[in-house]
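Scroll down for the structure; my scribbles are underneath it.
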Amino acid sequence: MARRAIPTESTIREWDDPELSGVTHRRVLFIDTDLTEVDNRGGVFEECTFRGVRFNASTHTDAAFVNCTFVRCSLFDTTFTGCKFVGSFFDDCTYNLLKVSGGDWSFTGLPGADLRGAELHGVKLREADLTGLRAAKAVLRDVDLSGASLQRADFTGADLRGSDLSTLDPLTVGLRDARIDLTQAMVVATALGLDVRP
């Protein structure tokens, strides 16, 4: 099915019928738009800006948000499955009960994001800016964190099993009570300068 294109450089404030599935948006500014409980399948957003947008309880499957900016958005109980967020940036957003399964979030900016209690499974976060990330008791299983900036991140009590911790500096992040597997334990021990032997 051919995608319907919406004119570029437009602004959307009130949206009576927020149909996102199969629609392409380029350089659109969304201001205080209510996308609560929207079911988005395959919608594409390129270089869009979302300000004060409510994504609460919405679901997004195989959608793309490329080089987008999210400012003061609410992602309460939002689910992203197989979505692409490459190059997007998040500022002062809320993520309570956020669920992410698969997809590519490489090169995203989430500095200082509060992901406490969020669940991320099998997500690519390569070279993402996660400086100061607050992810206490979050689930980050099988997440590709290679090259990610993790300085001052807090993973207290988080489940990190299966995730790439090769760029994690255990001296600059909070890891108390975090769950990791044996391979990760060796990576952390080596990063601490320990000589790991069988």
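In this text, all values refer to a predicted model and were calculated from it rather than measured experimentally.
- A distance of 8.0 Å separates CG in Leu145 from CG in Leu160, rounded to the nearest 0.5 Å.
- Under a 4.0 Å N-O distance rule, the pair Asp177/Lys137 does not qualify as a salt bridge.
- A salt bridge links Asp159 with Arg141: the distance from a Lys NZ or Arg NE/NH1/NH2 to an Asp or Glu carboxylate oxygen falls below 4.0 Å.
- Rounding to the nearest 0.5 angstrom, the gap separating the CG atom in Leu115 from the CG atom in Leu110 is 6.5 Å.
- The side-chain heavy atoms of Phe80 and Leu98, taken from C-beta on, include a pair separated by under 4.5 Å.
- Residues passing the ring pair (Phe, Tyr, Trp, His ring centres under 6.0 Å) test with Phe155, sequence neighbours excluded: none.
- Looking only at distances, no side-chain donor or acceptor of Lys84 sits under 3.5 Å from a matching main-chain atom of Gly82.
- At least one donor-acceptor pair under 3.5 Å links the side chain of Ser88 to the backbone N or O of Cys68.
- The CG atom of Asn56 sits 10.0 Å away from atom SG of Cys73, with the distance rounded to the nearest 0.5 Å.
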Residue pair Leu120, Leu125: steps toward the side-chain contact (heavy atoms from CB on, under 4.5 Å) verdict: CA-CA 10 Å; Leu120 286 75; Leu125 275 166; 4.1 Å; yes
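- Follow the hydrophobic side-chain contacts under 4.5 Å out from Leu97 and you never reach Trp105; the two are in separate clusters.
- Hydrophobic clustering (side-chain heavy atoms under 4.5 Å, transitive across Ile, Leu, Val, Met, Phe, Trp, Tyr) groups Leu171 together with Val173.
- Between Val187 and Ser166 the shortest heavy-atom distance is CG1-CA, 4.2 Å.
- Looking at heavy atoms from C-beta onward, Pro111 lies in side-chain contact with Phe89 at the 4.5 angstrom threshold.
- You'll find the side chain of Val123 stays beyond 4.5 Å of the side chain of Leu140, heavy atoms only.
- Residue Lys99 holds its NZ atom at 4.5 Å from OG1 of Thr79, rounded to the nearest 0.5 Å.
- Hydrophobic clustering, with ILVMFWY side chains joined whenever heavy atoms are under 4.5 angstrom apart, groups Leu175 together with Leu133.
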Derivation of the side-chain contact (heavy atoms from CB on, under 4.5 Å) call for His60 and Phe65: CA-CA 10 Å; His60 305 264; Phe65 297 81; 3.9 Å; yes
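- Taking the side chain as every heavy atom from C-beta outward, Glu37 and Ser58 never approach each other to under 4.5 Å.
- Nearest approach of Asp34 to Arg54, heavy atoms of both residues: CB-NH2, 3.2 Å.
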Thr190 and Val188: CA distance, side-chain angles, deciding distance, side-chain contact (heavy atoms from CB on, under 4.5 Å) verdict: CA-CA 5 Å; Thr190 300; Val188 173; over 6 Å; no
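- Side-chain contact, Asp39 with Thr59: a donor N or O sits under 3.5 Å from an acceptor N or O.
- Using a cutoff of 4.0 Å between basic side-chain nitrogens and carboxylate oxygens, Glu46 and Arg26 are scored as salt-bridged.
- Note that the CG atom of Asp169 and the CD atom of Gln151 stand 8.0 Å from one another [nearest 0.5 Å].
- No side-chain donor-acceptor contact under 3.5 Å links Asn96 and Thr94.
- Under a 3.5 Å cut-off, the side chain of Glu119 and the backbone N or O of Ala138 do not form any donor-acceptor pair.
- Smallest separation of non-hydrogen atoms from His121 and Val139: CE1-CG1, 3.7 Å.
- Looking at heavy atoms from C-beta onward, Leu35 lies in side-chain contact with Val53 at the 4.5 angstrom threshold.
- Put simply, the side chain of Ser21 gets close to the backbone of Arg41: a donor and an acceptor are under 3.5 Å apart.
- Judged purely by atom type and a 3.5 angstrom limit, Ser163 uses its side chain to pair as donor or acceptor with the backbone of Val143.
- With hydrogens and angles disregarded, a donor-acceptor distance shorter than 3.5 Å links the side chain of Arg134 to the backbone of Gly112.
- Once rounded to the nearest 0.5 Å, the distance linking CZ of Phe90 with CG of Leu75 reads 6.5 Å.
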Ring pair (Phe, Tyr, Trp, His ring centres under 6.0 Å) evaluation trace for Phe85 with Phe107: CA-CA 8 Å; Phe85 276 83; Phe107 305 101; over 10 Å; no
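- Here the options are Asp144, Thr167, Asp164, the test is side chain to side chain donor-acceptor pair (under 3.5 Å), and the partner is Arg126; only Asp144 passes.
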Residue pair Phe76, Tyr95: steps toward the side-chain contact (heavy atoms from CB on, under 4.5 Å) verdict: CA-CA 5 Å; Phe76 173 78; Tyr95 310 90; over 6 Å; no
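- Counting non-hydrogen atoms of neighbouring residues, nucleotides and ligands closer than 6.0 angstrom, the CG atom of Leu194 exceeds 12 such neighbours.
- Although no hydrogens or angles enter the test, the distance criterion places no donor-acceptor pair under 3.5 Å between the side chain of Thr108 and the main chain of Gly87.
- Residues Phe55 and Val28 share a single hydrophobic cluster, defined by chaining ILVMFWY side chains whose heavy atoms lie under 4.5 Å apart.
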